[in-house]
K.L.:
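First the structure, then my questions, so here it is.
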Amino acid sequence: MLEAAYDPDWAESWDSVGLVCGDPAEPVRRVLFAVDPVAAVLEEALEWGADLIVAHHPLFLRGVNGVAATTPKGRLVHRLIRANIALYTAHTNADVARPGVSDALARAVGLTGPLRPIRPVPGADPQRSPGLGRIGLLSEPMSLGDFAAQASAGLPETAGPLRVAGDPDAPVHRVAVCGGAGDSLLEDVRAGGVDVYLTADLRHHPASEFMEVGGPALIDAAHWATEWPWLRDAAALVESALGAQGTTVETRVSATVTDAWTTVRDK
Ligand SMILES: [Zn+2]
């Protein structure tokens with residue numbers, strides 16, 4: 001069912017998606033959805049009694065020669081198997097899916113109406129085909145500063161605030177978003193005729209050069225916060241699809257903040 005919603009064939013060639021550990025024949029009663037497959041999330045899964053963790057980020061991206069418990073990832077595999085908890089990841093295939101990661105982000109920051117990918121699959125129908133990022137409209141124009149406040153309120157709390165590049169009084173209406181690190185889409189965003197682009201992990205040089213040639217405005221959010229809203233969608237999808245089959249599988253969205261940045265120091 002996860003593969004029906006998040007087709008593994010949509011994943012980037014460098015990506016690693018699907019079942020990481022676990023026996024497909026084992027029963028699943030409780031499914032925990034989380035952004036990162038890290039120790040804190042495993043603790044949450046143990047406490048709740050989860051049988052399966054569905055994570056957005058892969059545990060392993062490159063080839064591994066062993067999973068000795070002498071590394072954090074190897075230790076995690078040991079703990080998962082000992083606790084009989086499976087791990088499944090849906091990463092870039094969930095990014096491009098419709099609905100996918102950026103649809104959930106777009107709704108969380110207040111976009112309404114139809115959403116289209118920032119970068120559709122070439123030659124495919126832009127209304128339906130998978131694609132990266134989303135462009136949509138706010139219900140009414142507002143200032144960049146007000147949109148930043150609305151976006152901040154709509155995203156889960158992390159240590160750091162949103163960072164904004166652009167005139168806070170400038171009006172914004174058409175908005176682009178991309179969950180996770182979205183600076184590879186900057187040129188597509190500029191071509192998309194939007195007023196502001198919200199994503200995560202924007203670096204100094206790409207952002208500075210983008211603003212030097214006139215923008216649009218940029219908003220940089222915490223990576224974890226931009227992807228977390230998708231967990232609710234994925235959990236709801238699983239629960240309703242399995243519920244329709246008459247099962248009583250329970251889902252939960254992880255409440256553990258696993259953004260890398262944990263403290264902000266005022267000057
Ligand atoms: Zn990510």
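When a ligand or atom number is given, it counts from 1 through the structure's own listing order. Hydrogens, waters and symmetry mates are skipped; everything else that's a heavy atom, side chains included, is used.
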K.L.:
Would you sort out whether Phe33 and Trp228 count as a ring pair (Phe, Tyr, Trp, His ring centres under 6.0 Å), showing the intermediate values?
P.N.:
CA-CA 9 Å; Phe33 288 79; Trp228 186 87; over 10 Å; no
K.L.:
Give the C-alpha distance, both sets of side-chain angles, the deciding distance and a yes or no for salt bridge (charged side-chain N to carboxylate O under 4.0 Å, His left out) between Arg232 and Glu239.
P.N.:
CA-CA 10 Å; Arg232 290 182 300 208; Glu239 197 153 322; over 6 Å; no
K.L.:
How are the rings of Trp230 and His56 set relative to one another: parallel (under 30°), tilted (30 to 60°) or perpendicular (over 60°)?
P.N.:
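Plane angle between 30° and 60°, so tilted.
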K.L.:
If you compare all heavy atoms of Leu76 against all heavy atoms of Pro37, which two are closest, and at what distance to 0.1 Å?
P.N.:
CD2-O, 3.3 Å
K.L.:
Using 4.0 Å as the upper bound for N to carboxylate O, is an ion pair formed by Asp103 and Arg134?
P.N.:
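A salt bridge is present here (some side-chain N lies under 4.0 Å from a carboxylate O).
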K.L.:
Evaluate the criterion salt bridge (charged side-chain N to carboxylate O under 4.0 Å, His left out) for residue pair Asp51 and Arg30; output intermediate values, then yes/no.
P.N.:
CA-CA 5 Å; Asp51 307 295; Arg30 289 185 161 181; over 6 Å; no
K.L.:
Can you check the number of protein N/O/S atoms within less than 2.8 Å of the Zn ion (ligand 1)?
P.N.:
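Number of qualifying protein atoms: 4.
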